[in-house]
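Take a look at the structure below.
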Amino acid sequence: MRLEEVFSKLPALYNKKFGDLKLQEDISGFTINKGNTGQFLQQLLDMPNNSNLTDFTDGELKTNKSHPNGMPRETMFITQISKDFDSLFFEEQETNRLLDKISNLLYIPVVKPTGSLPEDWYFLPARHIDSNQNLILKEAYLQDFLDIKQQVLEHLDSSKDGYIHTSSGKYIQIRSKDSKRKDGSYNPIYSEVLGREVSNKNHAFYFKTNFMKDIQSGVIPSIQID
């Protein structure tokens, strides 16, 4: 499914409580919670739920917690890094999984009022951000990755524990993101190139809040899907 194929379905979802949308679309047996907001949206849009790099054949769907005015309340998860740590940070490539994943985004803010149940959450109007049509943004993504890569390599070479740590560019950062195993341990990242663990926890790329703020304010050009 191509990203633009869902544009016509989106306006009907805006500013409606999740509980009402669920009943309207008759999604029986689906429990809405923080972890599956994206899956809930995919069901509403009749999108396949698969393990492909991107949600669409030509782009990625992203939701993120926001204030009613569209400003972000938190950073936005992009993707974890443990699967291809070595290729990301030790190989010279024109592109990589991170850059491919974020090149064409459909971003939908989600309002989750404090103390509310998931059934009372709602979507705000979606925005389409295509870096393939914006060379300045495409270059900013690349520069962020290169800055993060340099910081990661410096951490591996000089940090006291030899591990990677939070590293940031203008819009993107990496930091730890992991869940405990049943035995209470985490999921370390192992580098075949270095022949050792480079972190005792998994890490992930995130968009920093200023990325969503710049979309909302128009600093980053986007198309609102009405």
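Positions are given from 1, in the same order as the sequence printed here.
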Is there a side chain to side chain contact (heavy atoms under 4.5 Å, CB included) between Met76 and Tyr107 once you walk through the steps?
CA-CA 10 Å; Met76 183 162 67; Tyr107 164 56; 3.8 Å; yes
Arg196 side chain near Leu156 side chain, heavy-atom distance below 4.5 Å:
yes
So do the side chains of Asp55 and Glu60 get within less than 4.5 Å of each other, counting heavy atoms only?
yes
Within the distance-only criterion (no hydrogens, no angle test), does the side chain of Ser131 pair as donor or acceptor with the backbone N or O of Asn134 below 3.5 angstrom?
no
Any side-chain heavy-atom pair of Leu106 and Leu10 under 4.5 Å:
yes
Considering non-hydrogen atoms only, spot the tightest contact between Ser176 and His203 and give its length.
N-CD2, 3.4 Å
Fit a plane to each ring of Phe40 and Phe18, take the angle between them on a 0 to 90° scale, and name the class: parallel (under 30°), tilted (30 to 60°) or perpendicular (over 60°).
tilted
Donor-acceptor check, side chain of Arg97 to backbone of Lys83, threshold 3.5 angstrom: yes or no?
no
In terms of hydrophobic clustering (I, L, V, M, F, W, Y; side-chain heavy atoms under 4.5 Å; direct or indirect links), are Ile129 and Ile223 co-clustered?
no
Taking all non-hydrogen atoms of both residues, which atom of Ser116 and which atom of Trp121 are closest, and how far apart?
OG-NE1, 3.2 Å
On a heavy-atom basis, which atom in Asn64 and which in Thr75 lie closest, and how many Å separate them?
OD1-O, 2.9 Å
Could you walk me through whether Ile102 and Ile172 pass the side chain to side chain contact (heavy atoms under 4.5 Å, CB included) check?
CA-CA 11 Å; Ile102 64 177; Ile172 301 169; 3.8 Å; yes
Which of Asn15, Val111, Thr37 passes side-chain contact (heavy atoms from CB on, under 4.5 Å) with Phe123? Answer is Thr37
Run the side-chain contact (heavy atoms from CB on, under 4.5 Å) test against Gln43 and tell me which residues pass, sequence neighbours left out.
Ile27, Phe30
Checking Asp157 against Leu153 for the side chain to side chain contact (heavy atoms under 4.5 Å, CB included) test, could you report, in this order, the C-alpha distance in whole Å, the side-chain angles of both residues, the deciding distance, and whether it holds?
CA-CA 6 Å; Asp157 183 56; Leu153 295 178; over 6 Å; no
Note: Ile215 and Ser222 closest approach over all heavy atoms is CG2-OG, 3.8 Å
Going by the side-chain contact (heavy atoms from CB on, under 4.5 Å) test, name the single residue among Ile164, Ile148, Val152 that passes it with Ile81.
Ile164
Counting neighbours of CG on Leu53 that are heavy atoms of other residues, nucleotides or ligands and sit closer than 6.0 Å, is the number greater than 12?
yes
Would you indicate whether the side-chain heavy atoms of Val193 and Phe89 approach each other to under 4.5 Å?
no
Tyr14 ring center within less than 6.0 Å of Tyr122 ring center:
no
Can you give me the closest heavy-atom contact between Ser66 and Leu124, atom names plus distance?
OG-CD1, 3.6 Å
Residue pair Tyr186 / Asn202, side-chain heavy-atom distance below 4.5 Å:
no
Can you tell me if NZ on Lys17 sees more than 12 non-hydrogen neighbours from other groups inside 6.0 Å?
no
Residues at least two apart in sequence or cross-chain that pass ring-ring contact (aromatic ring centres under 6.0 Å, His included) with Tyr171, listed by chain then number, are Phe211
Phe207 reachable from Phe145 in the ILVMFWY side-chain graph, under 4.5 Å edges
yes
Hey, does the side chain of Ser87 reach the backbone of Phe85 with a donor-acceptor pair shorter than 3.5 angstrom?
no
Contact between Asp226 and Pro11 at the side-chain level, heavy atoms closer than 4.5 Å - yes or no?
no
Could you note down all residue pairs passing side-chain hydrogen bond (donor to acceptor under 3.5 Å, both in side chains) where residues 136-148 supplies at least one of them, sequence neighbours left out?
Gln143-Asp147
Go through it in stages, so that I can follow the logic: the residues are Lys9 and Asp46, the test is side chain to side chain contact (heavy atoms under 4.5 Å, CB included), and I'd like the CA-CA distance, side-chain angles, deciding distance and then a yes or no.
CA-CA 10 Å; Lys9 301 176 183 179; Asp46 296 318; 3.6 Å; yes
Search all heavy atoms of Pro72 against all heavy atoms of His67 and return the closest pair with its distance.
O-CD2, 3.7 Å
Beyond-backbone contact of Ile174 with Tyr206, side-chain heavy atoms, under 4.5 angstrom:
no
Taking the side chain as everything from C-beta on, heavy atoms only, tell me whether Phe56 gets closer than 4.5 Å to Arg2.
no
Under 4.5 Å between side-chain heavy atoms, hopping through other hydrophobics if needed: is there a path connecting Leu137 to Leu146?
yes
Please name the residue in the list Gln39, Gln42, Glu5 that meets the side-chain contact (heavy atoms from CB on, under 4.5 Å) test with Met47.
Gln42
